[in-house]
Structures are given as C-alpha cells and as structure tokens.
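To start, the structure under review is shown below, and the notes come after it.
When a residue number appears, it is its place in the shown sequence, counting from 1.
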Amino acid sequence: MKPANSVLGSYGTTVFEVMSRLAIECGSINLGQGFPDDFGPEPVLERAAEFLSDRPNQYPPMLGVPELRKAVAAHNARFYDLEVDWQTETMVSTGATEGLAACFFGLIEPGDEVVLIEPLYDCYVPIIRRAGGIPRLVSIRPPDWRLDPGAVRAAFSDRTRLLVLNTPQNPASKVYGQDDLALLAELVRAHDAVAICDEVYEHMAFDGRAHVPLMTLPGMRERTIRIGSAGKTFSLTGWKVGYVTGPADLLRTVAKAHQFLVFTTAPNLQRAVAFGLGQDDTYFEGLNRSMQDRRDRLAGALAAIPGFAPVECEGTYFLFVDIAGTGFDGSDVDFCSHITREAGVTALPVSPFYREGGPTSFIRFCFAKQDSVLDDAAARLAAHFR
C-alpha cells in the first residue's frame with residue numbers, strides 16, 4: 001500500500017490525547033486537557049434546545065446565519081470599537097480550529113513563511129505545513145514569557161506571508177501588551193503580511209489587564225483576521241462554533257477554503273451563540289471573575305506544596321508550575337506520568353508545546369474546573385509529595 005501523506009503522517013498522537021488516555025486508565029483527576037467541567041450558561045443552552053425544534057435543520061447559509069453574523073459584528077463594536085460590516089466581514093466556522101485552517105489554506109501559497117510564537121497550540125504547525133507554508137518560530141519561555149524583539153525581527157523576511165498571534169496565549173497564559181503588539185504590527189506592515197489572530201480566550205484576561213486585538217492598532221484593520229470561539233466564551237467546547245472577522249477581500253478567499261472544509265455549522269447552535277454574545281456585561285464579567293478566582297484557588301494550593309512554584313498566569317485557563325524544586329529525577333513528561341499514576345492527578349508536560357529544546361521543568365494545569373475538583377487534586381498532590 002502506498003504511504004500516507006508525509007506531512008500529517010509524520011506526527012504522533014497529541015500530548016492531550018496521550019495524557020487523557022492515561023488519566024482514564026489510572027482513574028486520575030484530569031487537569032491536563034483544557035475544557036471546563038460545567039454545563040455552560042443555562043440561558044444559552046435553553047435557546048439551543050428551543051431553536052432545534054422551531055427552525056428548519058437544513059443547510060444554513062455557508063457564511064453563517066444572519067443572526068450570528070450580526071451578533072459578531074455587534075460584539076466587535078461593543079468590546080473593541082471595531083466597526084464591522086456583518087455581510088462582508090464576518091463568517092461562522094465550525095470551531096476556531098476550522099476557522100484557522102480556512103485561513104491557512106486560503107491565504108498560504110507553497111513556500112510562504114509563517115511567523116509563530118511558541119509554546120503554541122498544537123494544530124497550527126501541521127495545518128500550515130500541509131498548506132505548503134514554512135513555519136518560522138519565535139520562542140518565549142517561562143516564567144516571564146518575554147518576547148525578544150531581536151528574535152521577532154529576525155523571524156520576518158520578504159517571504160513572510162502570515163503572522164499567527166494567539167492572545168491571551170494558550171498555553172503560555174500571556175496577554176500581549178501594547179509594546180509587544182506595536183512591534184508585531186510594525187513588522188506585519190513592513191513586510192506586507194497578514195495577521196491571523198487566535199483570540200478565543202478574549203474574555204479571560206485577568207487582574208485588570210485588557211485584551212487588545214491586533215486589529216485595533218493603526219494600519220492593521222485591513223490586514224488582520226481575528227477568530228473567536230463560543231466554546232471558550234460560553235464553556236461549551238463540544239459545540240464547535242467559531243466566528244471570523246476580517247476585511248472583505250481577505251475573508252472572501254478564506255470563505256472559499258471554508259466552503260470546501262465543512263461548508264456550514266449547526267444552525268440551532270449558531271442562533272444560540274448569537275443570543276449568548278448579546279448578553280449583558282454581567283455574564284462576561286462573571287466569566288472573567290470566576291476563572292480568575294479558580295486560578296487563584298489552584299495557584300494558592302499548589303504554592304503550599306514543597307517544590308511547586310506556580311508561574312504568573314495573565315489569562316486563559318491554564319496555570320504553569322515550575323517543578324524543579326521537587327527534585328524529581330526525570331523530564332516533564334516523566335513527571336506528568338508519575339503524578340498521574342502515583343498521585344491520581346494529571347497535568348500536561350510543557351516541552352511538547354515547543355518544536356525542540358523546550359523547558360523540561362514546567363507542567364501545565366487547567367483550572368477551569370469545579371472548586372471541589374481543584375481542591376481534591378491539590379490535596380492529592382500535597383499528600384503525595386509530603
């Protein structure tokens with residue numbers, strides 16, 4: 001039999017799947033894979049059920065139902081003062097990942113270079129490579145996650161087609177500030193590139209930090225595509241409803257890729273998300289506050305365990321912990337396997353989020369869980385390391 005595709009065939013099983021399988025095998029508390037363990041906001045769920053039975057469940061428009069596209073435009077105006085034409089500058093995707101894939105397949109020509117900042121979400125590089133792009137990686141590292149301007153400048157060239165920016169960043173938990181954003185915008189403009197911005201954690205920037213879309217910076221409105229996610233904003237990761245905002249000329253090309261990937265997304269879920277985006281500030285502020293409280297709860301409990309040193313988490317729902325002080329003789333992968341089997345708690349190793357040479361003394365926990373789950377996990381780790 002002829003071999004499979006050489007790009008995708010070269011990748012093994014993701015670290016998320018490996019650790020989740022081990023968690024199931026060992027019956028551990030899984031704080032590795034990033035999804036909340038609650039049911040999502042009840043009013044949004046009620047609308048999804050209502051729309052399932054009172055509307056046709058046939059193909060909706062390829063770009064998305066008008067209700068959601070209008071809500072996405074209104075969301076941009078409400079939170080970021082971005083004036084968006086819902087008819088030409090918005091598109092609904094089947095999750096943020098499909099939206100990213102449509103951008104990559106639609107905008108990359110074979111041989112184009114794409115600048116990315118690692119540690120990064122693991123789908124980026126395989127899809128970019130399959131689209132014919134050449135990744136150019138810039139690394140930031142814990143505990144300070146400093147972006148080196150010299151390294152960023154060196155990553156750009158006259159072959160750069162795209163910058164991929166994830167802020168707040170998964171898994172680094174970094175929220176990019178004005179200085180970093182200004183530098184990135186300057187380089188995108190100087191090299192006539194396009195910015196693809198993964199902003200699925202846009203409502204989870206903590207401690208008073210503001211999430212600032214790169215699209216809002218001078219000269220970036222016409223060369224930026226930003227992607228949001230109902231899965232993250234409404235803690236409904238199984239719904240797979242994303243929304244894409246960008247200038248009409250770029251979005252037309254992205255939509256051509258989208259139509260051949262999935263064509264469209266469940267109409268009742270789209271309409272429920274439209275309702276969700278229109279909720280008042282109480283919902284969005286409550287989401288931010290509850291995630292920040294859970295971060296503080298887990299960080300405080302882990303900091304009391306000898307050898308555990310939590311890293312500042314600026315956003316998302318991921319907490320990094322430096323485990324060098326535990327004296328464990330092995331890699332971060334070994335450590336996560338050890339605590340899964342011996343302490344009954346699963347975290348993710350950080351090194352797999354880097355192409356090579358990643359730090360090996362840090363692990364990542366997801367704190368988007370019920371308080372009782374976080375407390376139980378911390379108690380198990382404390383008992384084990386005591």
Just wondering, do [Y] and [X] contact through their side chains at under 4.5 Å, heavy atoms?
X      : Y      : answer
His211 : Tyr80  : yes
Pro43  : Tyr283 : no
Ser361 : Asp322 : yes
Arg78  : Phe284 : yes
Ile140 : Pro119 : yes
Pro135 : Arg355 : yes
Leu181 : Met220 : no
Pro142 : Pro359 : yes

Is the closest side-chain donor-acceptor distance between [X] and [Y] under 3.5 Å?
X      : Y      : result
Ser28  : Thr346 : yes
Thr265 : Thr94  : yes
Ser337 : Asp334 : no
Thr316 : Asn170 : no

Problem set entry | salt bridge (Lys or Arg N to Asp or Glu O under 4.0 Å) between Arg47 and Glu67, intermediate numbers included | CA-CA 13 Å; Arg47 292 307 191 283; Glu67 297 99 313; over 6 Å; no
Exercise. Run the salt bridge (Lys or Arg N to Asp or Glu O under 4.0 Å) check on Arg21 and Glu17 step by step: do they pass?
Worked result: CA-CA 6 Å; Arg21 286 179 187 174; Glu17 181 65 14; 2.8 Å; yes
For this session: List the steps, then state whether side chain to side chain contact (heavy atoms under 4.5 Å, CB included) holds for Asn288 with Phe206.
Result: CA-CA 7 Å; Asn288 185 282; Phe206 303 139; 4.0 Å; yes
salt_bridge([X], [Y]) N-O dist < 4.0 Å:
X      : Y      : answer
Arg380 : Asp376 : yes
Arg153 : Glu186 : yes
Glu83  : Arg221 : no

So how far is it from [X] [atom1] to [Y] [atom2], rounded to the nearest 0.5 Å?
X      : Y      : atom1 : atom2 : result
Leu116 : Asn166 : CG    : CG    : 10.0 Å
Phe353 : Tyr121 : CZ    : OH    : 9.5 Å
Ile128 : Arg130 : CD1   : CZ    : 14.0 Å
Leu31  : Lys369 : CG    : NZ    : 6.5 Å
Leu22  : Asn30  : CG    : CG    : 9.5 Å
Thr160 : His191 : OG1   : NE2   : 6.0 Å

Exercise. Between Thr90, Thr224, Asn76, which is the residue that forms a side-chain hydrogen bond (donor to acceptor under 3.5 Å, both in side chains) with Thr245?
Worked result: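 Among Thr90, Thr224, Asn76, the one that satisfies the side-chain hydrogen bond (donor to acceptor under 3.5 Å, both in side chains) with Thr245 is Asn76.
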Exercise. Is NZ or CZ of Arg364 both nearer than 6.0 Å to the six-membered ring centre of Phe318 and within 45° of the ring axis?
Worked result: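 Here Arg364 passes the 6.0 Å and 45° test against Phe318.
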Exercise. Is the cationic atom of Lys256 (NZ for Lys, CZ for Arg) positioned less than 6.0 Å from the six-membered ring centroid of Phe260 and within 45 degrees of its normal?
Worked result: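 Checked: cation-pi criterion not met.
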Exercise. For His384 and His338, what are the C-alpha separation, side-chain angles and deciding distance, and is it a side chain to side chain contact (heavy atoms under 4.5 Å, CB included)?
Worked result: CA-CA 11 Å; His384 177 71; His338 171 79; 2.8 Å; yes
Is it true that [X] and [Y] fall in one hydrophobic cluster, defined by side-chain heavy atoms closer than 4.5 Å?
X      : Y      : answer
Phe104 : Tyr243 : no
Val84  : Leu277 : yes
Leu165 : Tyr201 : no

Exercise. Does the ring centre of Phe385 sit less than 6.0 Å away from the ring centre of Phe308?
Worked result: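 Yes; Phe385 has its ring centre under 6.0 Å from that of Phe308.
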Exercise. Checking Thr233 side chain against Ala230 main chain: does a donor-acceptor pair fall under 3.5 Å?
Worked result: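 Side chain of Thr233 to backbone of Ala230, a donor-acceptor pair under 3.5 Å: no, none is there.
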For this session: Kindly write out the residues that satisfy salt bridge (charged side-chain N to carboxylate O under 4.0 Å, His left out) with Glu118, not counting sequence neighbours, or none if the list is empty.
Result: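 For Glu118, no residue satisfies salt bridge (charged side-chain N to carboxylate O under 4.0 Å, His left out) once neighbours in sequence are set aside.
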Exercise. Would Leu107 and Ile196 satisfy side chain to side chain contact (heavy atoms under 4.5 Å, CB included), going step by step from the backbone distance to the final call?
Worked result: CA-CA 10 Å; Leu107 299 177; Ile196 307 299; 3.9 Å; yes
Exercise. Can Lys232 and Glu202 be said to form a salt bridge (Lys or Arg N to Asp or Glu O under 4.0 Å), step by step?
Worked result: CA-CA 9 Å; Lys232 299 302 188 294; Glu202 60 187 323; over 6 Å; no
For this session: Would you check, one step at a time, whether the test side chain to side chain contact (heavy atoms under 4.5 Å, CB included) holds for Asp375 with Arg297?
Result: CA-CA 8 Å; Asp375 293 345; Arg297 190 182 195 96; 2.8 Å; yes
For this session: Evaluate the criterion ring-ring contact (aromatic ring centres under 6.0 Å, His included) for residue pair His203 and Phe79; output intermediate values, then yes/no.
Result: CA-CA 10 Å; His203 293 292; Phe79 288 98; 4.8 Å; yes
Problem set entry | Aromatic ring pairing Phe328/Phe335, orientation class (parallel under 30°, perpendicular over 60°, tilted between) |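 The rings of Phe328 and Phe335 stand perpendicular, inter-plane angle above 60°.
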